[in-house]
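What follows is a set of notes on a single structure, which appears directly below.
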Amino acid sequence: MERVLFFLFKIDGFLDWSDLAFTIHLAQEEALDDNDGYLPFALVLVDSQTSLIKGLRMVTVTPAFRSVLAGIIRQQAQEHFDTIAYYKTIGVLYDRFSSAADMLNKAVIVEQGGINVQN
């Protein structure tokens with residue numbers, strides 16, 4: 001079975017654990033340098049009923065997170081990619097893990113508020 005990268009995230013008081021599968025193959029030639037810098041992520045809060053943007057926030061992850069992510073992305077880029085197989089694998093993983101919180105014990109790196117708490 002292919003390895004699939006999931007971003008797991010929680011916003012205390014607003015959003016319980018959620019997940020987002022990611023592969024560099026669907027990011028249209030994006031790349032990530034491992035340059036020892038903090039990595040910004042843009043969070044966009046969209047009202048699902050109106051499609052209106054309700055909030056924008058920039059968050060960062062540590063250089064350690066960036067380094068791990070850059071390594072995973074480099075590895076993904078070198079592997080053969082099959083879109084159908086990718087989505088089937090995601091389905092299998094959702095069957096195996098009943099929630100994003102259940103995926104946490106498989107986490108490669110964990111951060112809270114931009115501080116590395118486990119890797």
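Below, all heavy atoms of this structure are taken into account, side chains as well, without hydrogens, waters or symmetry copies. Computed from a predicted structure; not experimentally measured.
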Rounded distance [0.5 Å steps], [atom1] in [X] versus [atom2] in [Y]:
X      : Y      : atom1 : atom2 : value
His80  : His25  : NE2   : NE2   : 9.0 Å
Leu93  : Asp102 : CG    : CG    : 12.5 Å
Gln75  : Ile24  : CD    : CD1   : 13.0 Å
Ile73  : Leu32  : CD1   : CG    : 5.0 Å
Lys106 : Arg96  : NZ    : CZ    : 8.0 Å
Asp95  : Ile90  : CG    : CD1   : 12.5 Å

(message) Please check this pair: side chain of Arg66 against backbone of Pro40, looking for a donor-acceptor N/O pair closer than 3.5 Å.
(response) no
(request) Please check if the side chain of Gln76 supplies one atom and the backbone of Phe22 the other of a donor-acceptor pair under 3.5 Å. (result) yes
Does the side chain of [Y] come within less than 4.5 Å of [X]'s, by heavy atoms?
X      : Y      : value
Asp12  : Lys10  : yes
Phe7   : Phe41  : yes
Tyr86  : Thr83  : no
Ile109 : Leu69  : no
Trp17  : Leu104 : yes
Ile53  : Val44  : yes

Do [X] and [Y] sit in one hydrophobic cluster, given that two such residues count as connected whenever their side-chain heavy atoms are within less than 4.5 Å of each other, even indirectly?
X     : Y     : value
Phe9  : Phe14 : yes
Leu20 : Ile11 : yes
Val59 : Val46 : no

(message) Looking only at the aromatic ring of each residue, does the gap between the centers of Phe6 and Tyr94 stay below 6.0 angstrom?
(response) yes
(message) Against Ser67, only a single residue in Asp36, Asp34, Asn35, Thr62 fulfils side chain to side chain donor-acceptor pair (under 3.5 Å); can you say which?
(response) Asp34
(request) Might you point out which heavy atoms bring Leu8 and Ala100 nearest each other, and give the distance in Å? (result)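 So the two residues come closest at CD1-O, 3.9 Å.
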(message) I'd like to know whether CD1 of Ile84 has more than 12 heavy-atom contacts from other residues, nucleotides or ligands below 6.0 angstrom.
(response)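 For Ile84, atom CD1 is not crowded (no more than 12 foreign heavy atoms under 6.0 Å).
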(request) Just jot down the side chain to side chain contact (heavy atoms under 4.5 Å, CB included) partners of Gln49, sequence neighbours excluded, or say none. (result) Asp47
(request) Go through Val68 and Phe65 one step at a time and tell me if the side-chain contact (heavy atoms from CB on, under 4.5 Å) criterion holds. (result) CA-CA 5 Å; Val68 168; Phe65 186 110; 5.9 Å; no
